There are 2 protein chains.
Amino acid sequence: MARSQTTKKLTRIQRQRTDIILEAALDVFSDFGFRGSTIDMIAKRAKLSKPNILYYFDNKEAIHVTVLAKLLETWLAPLHAINEDNDPIDEICKYIEQKLNMARDFPRESKLFANEILQGAPHVLPELQGTLKDLVAQKVEILEAWSKDGKIAQVDPHHLFFSIWATTQHYADFDIQVRSVLDNNTKDPFDTAGPFLKTMFSTMLTP
Amino acid sequence: MARSQTTKKLTRIQRQRTDIILEAALDVFSDFGFRGSTIDMIAKRAKLSKPNILYYFDNKEAIHVTVLAKLLETWLAPLHAINEDNDPIDEICKYIEQKLNMARDFPRESKLFANEILQGAPHVLPELQGTLKDLVAQKVEILEAWSKDGKIAQVDPHHLFFSIWATTQHYADFDIQVRSVLDNNTKDPFDTAGPFLKTMFSTMLTP
DNA sequence: AAAAAACTTGACCGTATGGTCAGATATGTA
DNA sequence: TACATATCTGACCATACGGTCAAGTTTTTT
């Protein structure tokens with residue numbers, strides 16, 4: 001009696017298996033997308049039988065939704081951390097660094113998220129229009145305050161966020177393209193991307 | 001006798017139908033990805049029967065490959081256009097504008113390409129490592145020459161290209177996220193993105 | 001006009017996949 | 001220990017999908 005659990009109390013095994021399944025699912029979904037992934041693939045990776053997977057999750061979509069929900073939390077954490085009271089340029093640079101580190105350390109999450117958005121965000125649209133929009137609005141206010149106080153140059157705060165997201169996530173999502181274009185003997189792109197991006201955004205934002 | 005055509009001469013009908021099929025395929029593939037698309041979907045959109053589609057293309061993958069090949073040409077055109085002899089900042093701004101226009105006017109192409117890269121570029125990896133890499137190398141030389149002559153600031157040319165690609169394509173690929181975050185009553189994001197991006201890159205590149 | 005070639009399709013096949021189920025096994029509990 | 005509950009699985013089902021084929025229709029060629 002685990003499937004479509006309504007009670008809150010989880011057994012030890014439930015917690016273990018659920019974690020294993022979600023980890024395997026993240027692997028598979030980020031590699032093949034939702035439609036390209038099969039429950040059997042997830043089962044194999046999780047070293048569980050297919051019916052066993054379906055004992056813990058109602059269906060394939062339920063797994064996907066759960067993976068996405070978990071991912072979104074992680075994904076928004078750096079944005080939350082932007083603090084009005086610190087030095088503006090430092091805060092933005094810190095944010096860029098954190099986003100870039102996430103692209104490096106959690107490429108599966110980045111790719112899965114990109115995939116979801118590309119398909120029109122069928123599972124997370126409400127989150128985008130709610131949580132994300134509100135959070136961004138809040139941080140946009142901070143940027144506008146900094147702008148008004150002359151602490152940073154006047155730039156469109158929304159587009160600033162879009163650019164930071166785009167440039168940092170690019171190194172995870174388009175990794176294969178980045179590495180194809182670069183010489184094989186050049187350094188890890190992530191190492192040189194950090195200074196480049198920080199320079200770019202600092203230069204633009206310095207009043 | 002159209003399937004896996006080896007001769008060059010195409011009949012009127014072959015050209016017509018092939019175009020219709022590729023157009024429908026672009027629609028479908030860009031919406032659902034390769035695995036998420038079915039030949040029936042393409043057939044329906046093209047208003048042809050499934051066997052008829054397979055009369056013109058050997059299989060589903062052949063359609064996909066053809067769509068991608070066509071797309072790549074269009075995709076690289078603006079990069080080709082960068083000219084060493086014009087004003088550097090103007091050239092970069094022109095390139096940004098062209099890439100942004102493509103994101104606006106050919107979002108299906110942008111999304112399909114993004115999808116392909118996300119999945120590890122299974123069908124265009126040789127193109128990336130050949131055509132694209134060579135073309136970029138050539139344009140990188142131009143940037144380095146400009147840099148050396150003091151016409152633009154010293155920045156890593158590869159990362160500059162990555163950033164331009166990332167920021168411009170973002171407005172096509174992540175369109176749903178961009179629009180979710182913005183207020184509904186704000187202007188079309190594409191209109192404000194152009195000036196923002198040109199400012200950002202000009203500021204960084206001005207010596 | 002007639003033959004040849006190109007084009008089109010309904011019906012069909014094999015496989016992959018999401019999901020079910022009855023029953024077996026392990027785990028916890030009195 | 002015995003009972004209950006949770007966990008697990010082989011076998012199975014229905015559907016969707018990629019692809020084939022024989023037979024039909026249309027277009028082009030002679």
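It should be emphasised that the depicted structure is a prediction, and the values quoted were computed from it without experimental measurement. Chain naming here is simple, since letters A, B, ... match the order of the sequence lines and numbering starts at 1 in each.
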When you get a sec, tell me which of D:dG19, D:dC8, C:dG18 is the closest nucleotide to the side chain of A:Ser49? D:dC8
Phosphate contact (D:dT9 OP1 or OP2) by A:Asn52 side-chain N/O below 4.0 Å: yes
Kindly assign one of parallel, tilted or perpendicular to the pair B:Phe34 and B:His123, based on the angle between their ring planes and the thresholds 30° and 60°. perpendicular
Phosphate OP1/OP2 of C:dT17 contacted by A:Arg35 side-chain N/O (<4.0 Å): no
Which nucleotide in the set C:dT8, D:dA11, C:dG10 lies at the smallest distance from any side-chain heavy atom of B:Pro51? C:dG10
Side-chain atoms of A:Tyr56 come closest, of C:dC7, D:dC8, D:dG10, to D:dC8
What is the separation between atom CG on B:Leu54 and atom C1' on D:dA22, rounded to the nearest whole Å? 16 Å
With B:Lys99 as the cation and B:Trp75 as the aromatic partner, state whether NZ or CZ is under 6.0 Å from the six-membered ring centre and within 45° of the axis. yes
Without hydrogens or angle criteria, can the side chains of B:Gln169 and A:His170 be said to hold a donor-acceptor pair below 3.5 Å? no
How close or far is atom P of C:dT17 from atom CD of A:Glu61, stated in whole angstroms? 18 Å
Between D:dA6, D:dG18, D:dT20, which one does the side chain of A:Tyr55 approach most closely? D:dA6
Of A:Ile53 and B:Ile39, the one whose closest DNA chain D nucleotide lies more 5': A:Ile53
Atom pairs, protein N/O to nucleotides 27-30 of chain D N/O, distance under 3.5 Å:
residue: D:dT28; atom: OP1; partner: B:Arg12; partner atom: NH2; Å: 2.9

Check whether any side-chain heavy atom of A:His159 lies under 4.5 Å from a side-chain heavy atom of B:Leu197, and answer yes or no. no
Write down the distance between NZ (B:Lys50) and P (C:dT9), rounded to a whole number of angstrom. 14 Å
Check: A:Lys60 side chain, C:dG19 base, donor-acceptor under 3.5 Å: no
Heavy atoms from C-beta onward define the side chain here; which of C:dT20, D:dC17, D:dA6 lies closest to that of A:Gln14? D:dA6
Rounded to whole Å, CG of A:Asn59 lies from P of C:dC21 at a distance of 14 Å
Between P on C:dT15 and CG on A:Asp40, what's the gap in Å once rounded to a whole number? 16 Å
Provide, to the nearest angstrom, the distance between the CZ atom belonging to B:Phe34 and the P atom belonging to D:dG18. 8 Å
note: B:Arg17, atom CZ; D:dT26, atom C1'; distance rounded to Å ~ 11 Å
Are any of the side-chain nitrogens in A:Asp87 or A:Lys94 under 4.0 Å away from the carboxylate oxygens of its partner? no
Any side-chain donor-acceptor pair under 3.5 Å between B:Thr18 and B:Gln14? no
What is the ring orientation for A:Tyr95 with A:Phe161, classed by angle as parallel under 30°, tilted 30 to 60°, or perpendicular over 60°? perpendicular
Here the distance between atom P of C:dG28 and atom CD of A:Gln16, to the nearest Å, is 10 Å
